Amino acid sequence: MTKALIVVTNTPTFKKIQRATGIWLREASHFNKVMADNGIDVDYASPDGGYVPIDPLSLGTDDMDATDWQYYLDDEFRNEHLAKSLKPADVDPKDYQVIYFVGGHGAMTDFPENTELAKIAQTIYENGGIVSANCVGVCGLLPMRSIDGQRFVHGRKVTGFTNDEEALNGLTNDVEFLVEDELTKSGASFVKGTAFEPHVVVDDRLITGQNPNSATGVGEAIIKELLQ
């Protein structure tokens with residue numbers, strides 16, 4: 001049975017400014033729905049395990065659709081997956097064929113240097129599985145290394161939250177770094193689409209989405225890859 005590990009942040013605030021953050025709800029809910037619709041079970045894991053904050057801005061009336069409300073009101077999603085996420089030590093990579101790093105600016109703090117999660121993702125990939133990430137969640141790819149010791153994203157086509165999108169957010173000077181710049185510095189070939197429009201890049205078994213509106217597309221690309 002195919003199973004996916006959804007990786008989420010534990011970070012509730014920006015590092016440089018006093019502002020709440022966490023996961024962007026749509027990036028978890030829409031991806032989770034694609035998995036559920038295709039009979040794929042999911043577990044949630046985070047750098048520290050336990051409680052997972054939701055960015056309050058992702059709960060605005062204009063940002064939530066029927067899928068977001070479905071998951072936000074779902075007891076298992078709130079009281080189990082987000083309240084009791086697994087620690088990396090609790091995760092056996094052999095149980096999963098897919099790993100997905102959820103975005104939200106909290107991921108900028110606890111994903112980029114998390115070698116425990118990186119090793120889990122590397123093992124899943126080496127076992128023939130799929131590594132995926134969306135928006136700021138692509139920070140989870142930064143600590144990953146290939147078997148030869150190079151950065152996992154080196155020489156690969158990827159996307160993620162763009163410099164243009166961060167500027168439109170008004171947060172360019174408030175974030176710890178710019179995702180597009182960091183991926184490019186890591187040797188990735190960064191491919192971007194129109195700001196805040198769905199955009200997914202597939203490079204073999206590495207699948208990345210540009211922004212919150214790309215989460216469904218990432219999930220659908222994973223299903224397509226699994227069916228090949």
Side-chain angles (χ1 to χ4, degrees), residues 4-15 17 19-36 42-65 67-88 91 98-114 116-118 120-121 131-142 159-161 165-166 169 171 174-177 179 196 198 207-219 222:
L5 184 67
I6 298 178
V7 183
V8 285
T9 181
N10 297 116
T11 303
T13 60
F14 280 74
K15 215 172 184 180
I17 57 174
R19 174 170 163 175
T21 187
I23 65 166
W24 198 264
L25 178 62
R26 174 163 296 192
E27 299 189 45
S29 62
H30 280 239
F31 180 87
N32 199 327
K33 187 174 191 304
V34 175
M35 297 299 106
V42 302
D43 286 330
Y44 280 70
S46 61
D48 298 326
Y51 173 73
V52 175
I54 300 176
D55 190 315
L57 288 181
S58 71
L59 303 177
T61 304
D62 294 335
D63 294 292
M64 293 179 68
D65 62 9
T67 297
D68 298 321
W69 278 111
Q70 173 191 338
Y71 279 85
Y72 183 70
L73 297 173
D74 182 77
D75 285 343
E76 182 181 22
F77 178 72
R78 288 185 296 109
N79 300 330
E80 295 297 326
H81 289 321
L82 297 189
K84 303 174 184 176
S85 64
L86 300 172
K87 297 177 184 177
V91 173
V98 176
I99 186 169
Y100 170 66
F101 291 93
V102 176
H105 280 93
M108 281 190 168
T109 298
D110 55 9
F111 280 11
E113 297 178 2
N114 196 295
E116 287 183 291
L117 290 171
I120 290 170
V131 171
S132 62
N134 196 64
C135 194
V136 180
V138 297
C139 293
L141 306 177
L142 294 173
T159 192
F161 207 52
E165 287 167 324
E166 203 66 272
N169 265 353
L171 292 171
D174 298 322
V175 293
E176 295 167 57
F177 54 85
V179 171
F196 297 110
I207 300 173
T208 50
Q210 180 172 312
N211 50 51
N213 296 321
S214 306
T216 295
V218 171
I222 287 170

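Here the structure is a predicted model, which means the values were calculated and not measured. Numbers here simply count residues along the sequence, with the first being 1.
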* Asked: Please walk me through it: do Tyr44 and Leu82 pass side-chain contact (heavy atoms from CB on, under 4.5 Å)?
  -> CA-CA 7 Å; Tyr44 280 70; Leu82 297 189; 4.2 Å; yes
* Asked: Does Cys139 reach the side chain of Phe177, with side-chain heavy atoms less than 4.5 Å apart?
  ->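 A side-chain contact under 4.5 Å exists here.
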* Asked: Does the side chain of Ile6 reach to within under 4.5 Å of the side chain of His81, using non-hydrogen atoms?
  ->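 Not in contact.
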* List the steps, then state whether side-chain contact (heavy atoms from CB on, under 4.5 Å) holds for Val175 with Phe14. => CA-CA 7 Å; Val175 293; Phe14 280 74; 4.2 Å; yes
* Asked: After noting the C-alpha distance and the side-chain angles of Val102 and Val52, does the key distance pass the side-chain contact (heavy atoms from CB on, under 4.5 Å) rule?
  -> CA-CA 11 Å; Val102 176; Val52 175; over 6 Å; no
Is the side chain of [X] donor-acceptor paired with the backbone N or O of [Y] at a distance under 3.5 Å, no angle test?
X      : Y      : result
Glu27  : Gly103 : yes
Ser132 : Ile99  : yes
Asn10  : Asp48  : yes
Asp55  : Leu25  : no
Thr13  : Arg19  : no
Arg78  : Ala83  : no
Glu165 : Phe196 : yes

* To do: Tell me, with the steps shown, if Val34 and Ile222 meet side-chain contact (heavy atoms from CB on, under 4.5 Å).
  => CA-CA 9 Å; Val34 175; Ile222 287 170; over 6 Å; no
Show the nearest heavy-atom pair for residues [X] and [Y], with the distance to one decimal.
X      : Y      : answer
Tyr100 : Ala215 : OH-CB, 3.7 Å
Pro112 : Ala107 : CD-O, 3.3 Å
Lys87  : Gly49  : CG-CA, 3.7 Å

* Pick out which of Leu57, Asp174, Asn169 makes a side chain to side chain contact (heavy atoms under 4.5 Å, CB included) with His105. =>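 When Leu57, Asp174, Asn169 are each tested with His105, the side chain to side chain contact (heavy atoms under 4.5 Å, CB included) holds only for Asn169.
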* So how far is it from Ile23 CD1 to Ser29 OG, rounded to the nearest 0.5 Å? ->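 That separation rounds to 8.0 Å.
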* Identify the residue among Asp63, Thr216, Asn213 that makes a side-chain hydrogen bond (donor to acceptor under 3.5 Å, both in side chains) with Arg26. =>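 Exactly one candidate clears the test, Asn213.
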* Asked: Going by distance alone, is a donor N or O of one side chain under 3.5 Å from an acceptor N or O of the other, for Asn211 and Ser214?
  ->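 Yes - a donor-acceptor pair under 3.5 Å links their side chains.
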* Side-chain donor-acceptor pair under 3.5 Å between Thr109 and Glu176, yes or no? ->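 Distance-only check passes for Thr109 and Glu176.
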